[in-house]
Amino acid sequence: MKSKAIITLAVAMLFCACNRQNLQHEQDRFCTKSGKTLDFTCIKHSSIRLTYGETEIEFDPVENIEPKTDYSTIPKADYIFVTHEHYDHFDTTAIKKLSKPTTKIITNKKCRETLGRGKAMENGDKIELQGILVEAVPAYNTTPENLKFHPKGRDNGFVVTIDGLRIYVAGDTEDIPEMKHLKNIDIAFLPCNQPYTMTPKQLANAAKMINPKVLYPYHLGDTDINEIVKELQGCNIEIRIRNF
């Protein structure tokens, strides 16, 4: 299905986007504001690898959910972000394999307690990591029968700004009102699988609030991708469907 949600060629060129295959993992390349390259590797589910020059960043690395991933074959991480403590986001084995003595782990309070190390951030906190600005933003359920999965105030989404490029990794959340305050987002990763995260309609509402230039639906489960595309028809957002 060809959707009107795909952005114009001019905006696509702004990001210097090029798609390619790297073994079984899909990669996308973007250009930062000063023309440096930043690569995203879509590992699976909610696991994302980001490479910026010599800097390696991992979001929610997990080995044993299918397809299994051997993180010993992936370069050691400089920064590991963990949104919350659920097994499909927080994996101590993967973190151990990705860690080196200088690796910094950024997470929530519960994961920090379990690991015995790392930086615990709360919603609204901001830190800077060698020129990379990190903002911890809310991630929670709003549907009454699903509040038990992700209660308000416990988990984080992250907005990471690298050389002017603003990346939002939402973690597990529904279309919460705080998303209206996220400004100038270039790339957004939004989850879509009820009852844990969003329906396609909720994801579309979230995308309209955030208005990213590029949208990656992720954490998909059995979600019908066509429903997401249909809901976002007519929006000036490029939707990139990857093998999450």
Shortest non-hydrogen contact between Pro195 and Asn141, atoms and distance: O-ND2, 3.8 Å

Gap separating the OG1 atom of Thr142 from the CD atom of Glu174, nearest 0.5 angstrom: 3.5 Å

Distance (rounded to the nearest 0.5 Å) between Phe30 CZ and Ile162 CD1: 12.0 Å

Output field: ring centroids Phe59/Phe189 closer than 6.0 Å: no

Test log, rule salt bridge (charged side-chain N to carboxylate O under 4.0 Å, His left out), inputs Glu231 and Lys208: CA-CA 10 Å; Glu231 291 289 342; Lys208 291 171 185 176; 5.7 Å; no

If you measure from the Lys or Arg side-chain nitrogens to the Asp or Glu carboxylate oxygens, is any gap between [X] and [Y] under 4.0 Å?
| X | Y | value |
| --- | --- | --- |
| Lys213 | Asp186 | yes |
| Arg29 | Asp39 | yes |
| Lys76 | Glu56 | no |

Side-chain donor or acceptor of [X] paired with backbone N/O of [Y] under 3.5 Å:
| X | Y | result |
| --- | --- | --- |
| Thr107 | Val82 | yes |
| Ser46 | Asp60 | no |
| Lys44 | Ile65 | yes |

Tyr216 side chain to Asp28 side chain, donor-acceptor N/O pair below 3.5 angstrom: yes

Side-chain H-bond candidate by donor/acceptor type, His150 with Asp155, under 3.5 Å: no

Side-chain donor-acceptor distances from residues 109-116 under 3.5 Å, at least two apart:
residue: Arg112; atom: NE; partner: Gly118; partner atom: O; Å: 2.8
residue: Arg112; atom: NH1; partner: Gly116; partner atom: O; Å: 3.4
residue: Thr114; atom: OG1; partner: Lys110; partner atom: O; Å: 3.1

Which atom pairs, one a donor and one an acceptor, fall under 3.5 Å between side chains of residues 93-101 and the rest of the protein, sequence neighbours left out?
residue: Lys97; atom: NZ; partner: Glu63; partner atom: OE1; Å: 3.4
residue: Lys97; atom: NZ; partner: Glu63; partner atom: OE2; Å: 3.1
residue: Lys97; atom: NZ; partner: Asp70; partner atom: OD1; Å: 3.4
residue: Ser99; atom: OG; partner: Ile95; partner atom: O; Å: 2.6
residue: Ser99; atom: OG; partner: Arg117; partner atom: NH2; Å: 3.3
residue: Lys100; atom: NZ; partner: Asp78; partner atom: OD1; Å: 2.9

Phe81 and Tyr79 aromatic ring geometry - parallel, tilted or perpendicular at 30°/60° bounds: tilted

